[in-house]
Amino acid sequence: MKQDSLQPIVSLLESISPLARLKLLLLIGAGEACVCHLETQLGYRQAYISQHLMALRQAGLLDSRREGKYIFYRLAKPEVLSLIQQAAQMMGVELPHMETVGPEEQCGCPTCVPTHDLVSLNQT
C-alpha cells in the first residue's frame with residue numbers, strides 16, 4: 001500500500017484533532033454561527049476562535065459568508081460530524097448536545113438584531 005495515498009486522511013484528522021476545533025465543528029454543525037456567538041457559547045477569545053476557524057476553512061471543512069461586518073460559518077462537509085460521532089461511539093464518549101446558536105443580548109449581528117432595528121441602532 002502506497003503511504004502517500006493515506007496522507008489526506010492524516011491531514012483531515014490533524015485538522016480536527018484540537019479540542020477547540022472539535023467543539024467548533026459540533027457547534028457549527030448544529031447551525032450556522034458568527035464568531036460572536038461562538039465566542040459566547042464556548043468562552044474562548046475571538047482571536048483564538050478565528051485561528052481555529054481559519055485552519056478549518058483551509059482544511060475545506062468550513063464555508064463562510066459575509067453579512068455586513070459579520071462572517072457566518074457553516075459546515076462545508078457535514079460528513080465530518082459523522083466521523084466525530086463514530087469516534088465518540090468507538091471511545092465510549094457521549095458528545096455534548098449542541099443547539100443552534102440563538103440571538104444574544106448586546107450582540108449587533110444580523111442574527112440577533114433584525115434589519116429594521118440595525119437602522120435605529122446606527123442612528124443613535
Side-chain angles (χ1 to χ4, degrees):
M1 176 170 28
K2 190 175 177 183
Q3 293 243 355
D4 293 345
S5 65
L6 298 176
Q7 188 56 46
I9 298 169
V10 171
S11 296
L12 170 66
L13 294 174
E14 287 175 345
S15 295
I16 67 171
S17 65
L19 181 59
R21 292 183 196 167
L22 282 174
K23 289 180 179 181
L24 285 166
L25 288 168
L26 290 170
L27 190 55
I28 293 169
E32 183 179 71
C34 67
V35 175
C36 58
H37 293 119
L38 298 170
E39 189 176 3
T40 300
Q41 293 289 323
L42 298 174
Y44 297 141
R45 290 183 10 258
Q46 183 270 332
Y48 183 72
I49 290 171
S50 292
Q51 287 176 340
H52 287 292
L53 290 171
M54 182 175 63
L56 291 168
R57 278 189 18 205
Q58 288 174 341
L61 298 173
L62 294 182
D63 282 331
S64 63
R65 69 174 177 85
R66 181 176 288 277
E67 189 170 328
K69 66 178 184 174
Y70 298 93
I71 299 174
F72 291 85
Y73 294 90
R74 64 188 173 284
L75 293 180
K77 296 188 179 189
E79 305 87 0
V80 73
L81 289 179
S82 295
L83 177 63
I84 294 169
Q85 291 166 345
Q86 288 176 15
Q89 183 179 17
M90 196 167 87
M91 300 307 297
V93 174
E94 187 174 330
L95 292 173
H97 176 71
M98 299 288 189
E99 294 187 23
T100 304
V101 178
E104 300 289 334
E105 289 184 30
Q106 301 176 339
C107 178
C109 84
T111 299
C112 296
V113 180
T115 307
H116 65 278
D117 289 345
L118 284 175
V119 173
S120 63
L121 282 176
N122 290 334
Q123 293 174 351
T124 57

Donor-acceptor pairs are to be reported for all side-chain atoms of residues 12-24 against protein atoms at under 3.5 Å, with residues two or more places apart or in another chain.
| residue | atom | partner | partner atom | Å |
| --- | --- | --- | --- | --- |
| Ser15 | OG | Ser11 | O | 2.8 |
| Ser17 | OG | Glu14 | O | 3.1 |
| Arg21 | NE | His52 | ND1 | 2.9 |
| Arg21 | NH1 | Ser15 | O | 3.1 |
| Lys23 | NZ | Tyr44 | OH | 3.4 |

Co-membership, hydrophobic cluster, residues Met54 and Val35, 4.5 Å side-chain: no
Val10 reachable from Val80 in the ILVMFWY side-chain graph, under 4.5 Å edges: no
Tyr73 to Ile28 - nearest heavy-atom pair and separation: O-CG2, 3.6 Å
All pairs passing salt bridge (Lys or Arg N to Asp or Glu O under 4.0 Å) where residues 74-97 contributes a residue, at least two apart: Glu32-Arg74
In one Ile/Leu/Val/Met/Phe/Trp/Tyr side-chain cluster, 4.5 Å: Val93, Leu27: no
Verify same cluster id: Leu83, Ile9 (apolar side-chain graph, 4.5 Å): yes
Gap between atom CD1 of Ile49 and atom OG1 of Thr40 - 0.5 Å precision: 8.5 Å
Neighbour count >12 (heavy atoms, 6.0 Å) for atom CZ, Arg57: no
Gap between atom CG of Leu81 and atom CG of Leu61 - 0.5 Å precision: 10.0 Å
Leu62 versus Leu75, closest heavy-atom pair with distance: CD2-CD2, 3.8 Å
Atom pair CD (Glu39) and SG (Cys34), whose distance is rounded to the nearest 0.5 Å: 9.5 Å
Side chain to side chain contact (heavy atoms under 4.5 Å, CB included) between Gln85 and Gln89, worked out: CA-CA 6 Å; Gln85 291 166 345; Gln89 183 179 17; over 6 Å; no
Inter-residue atom distance Leu56.CG - Asp63.CG, 0.5 Å rounding: 12.0 Å
